[in-house]
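What follows is a set of notes on a single structure, which appears directly below.
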Amino acid sequence: MKTFKMLSFDLVTKDGIQTFPLVDGIIINQENSHQSWILELFMERQYCSTFQHLLEKAAVFNVRAVISFPDNEPAPFQVAVHTIQEIGEHISVLLKGKLKTKRSKYAEQLLAELLAEGVSLDNLLDRFSHDMKERPKLKND
């Protein structure tokens, strides 16, 4: 098994990206034959209802997480809620799933979209740098 620090966590929906601020988080690659991953989110209790709803529906959903370093490309996962545990004023949410094999080349896709939008050369570097930090959802993502 390998364990990684999770720096940010986003729920991917048909309407876009919903970011959940983490108090702390880890990701475990179980390195088993099922290629399973465990994501543990430690967050404020106010987010419990979102994950409780997903747990009750037994939903499988897409998420993305930045692992280890802030400049890393978000890793896409397909997961389901396994458990939710209240810990004081916080909750621990365990998600189990798989790393999606289709890793996007975010930088290349972002640049292609900016060029297709017709962003001027004068503004291209600023817009590219901004969007690489903010990581908006791309049309092909």
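Predicted, not measured: the structure shown is a model, and the values here were computed from it.
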Distance-only criterion, 3.5 Å: show the donor-acceptor pairs between side-chain atoms of residues 117-127 and protein atoms not counting sequence neighbours.
residue : atom : partner : partner atom : Å
E117    : OE1  : R127    : NH1          : 3.3
E117    : OE1  : R127    : NH2          : 3.1
S120    : OG   : N123    : N            : 3.3
S120    : OG   : N123    : ND2          : 3.1
R127    : NE   : D131    : OD2          : 3.4

Is there a donor-acceptor pair under 3.5 Å between the side chain of [X] and the backbone N or O of [Y]?
X    : Y   : value
K100 : N62 : no
E31  : M1  : yes
N72  : I67 : yes

With a 4.5 Å heavy-atom cut-off, do [X] and [Y] have their side chains touching?
X    : Y    : value
F128 : L114 : yes
L7   : S68  : no
V60  : V79  : no
I91  : Q85  : no
T19  : F9   : no
F51  : H53  : no
R45  : E86  : yes
R64  : V12  : yes

Transitive ILVMFWY side-chain link [X] to [Y], under 4.5 Å:
X   : Y    : answer
V66 : L110 : no
L94 : F20  : no
L39 : V23  : no
L11 : F42  : no
L22 : I26  : no

Next item on the list: Would you kindly say whether S92 and E40 are connected by a side-chain donor-acceptor distance under 3.5 Å?
Entry: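 Judged by distance alone, the side chains do pair up.
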Notebook entry, point to check: With a 3.5 Å cut-off and no angle check, do the side chains of E113 and Q109 form a donor-acceptor pair?
Noted result: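 No, no side-chain donor-acceptor pair sits under 3.5 Å.
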Between atom [atom1] of [X] and atom [atom2] of [Y], what is the distance when rounded to the nearest 0.5 Å?
X   : Y   : atom1 : atom2 : result
I28 : S36 : CD1   : OG    : 11.5 Å
T13 : D10 : OG1   : CG    : 10.5 Å
Q46 : H90 : CD    : NE2   : 10.0 Å
M6  : L41 : CE    : CG    : 4.5 Å
I38 : L95 : CD1   : CG    : 10.0 Å

Note to self: For a quick test of reading the model, state the closest non-hydrogen atom pair linking A65 to I27 and the distance between them.
What the structure shows: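 Answer, listing the atom of A65 first, then I27: CB-CD1, 3.8 Å.
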Next item on the list: Among residues two or more places apart or on two chains, list those pairs meeting ring pair (Phe, Tyr, Trp, His ring centres under 6.0 Å) that have a residue in residues 65-86.
Entry: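 Residue pairs passing ring pair (Phe, Tyr, Trp, His ring centres under 6.0 Å), neighbours aside: W37-F77.
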Next item on the list: Can you spot which of L55, V81, L54 makes a side chain to side chain contact (heavy atoms under 4.5 Å, CB included) with V93?
Entry: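 Answer after filtering L55, V81, L54: V81.
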Next item on the list: Answer yes or no: are there more than 12 heavy-atom neighbours, outside E108 itself, under 6.0 Å from its atom CD?
Entry: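 Atom CD in E108 is crowded, with more than 12 foreign heavy atoms closer than 6.0 Å.
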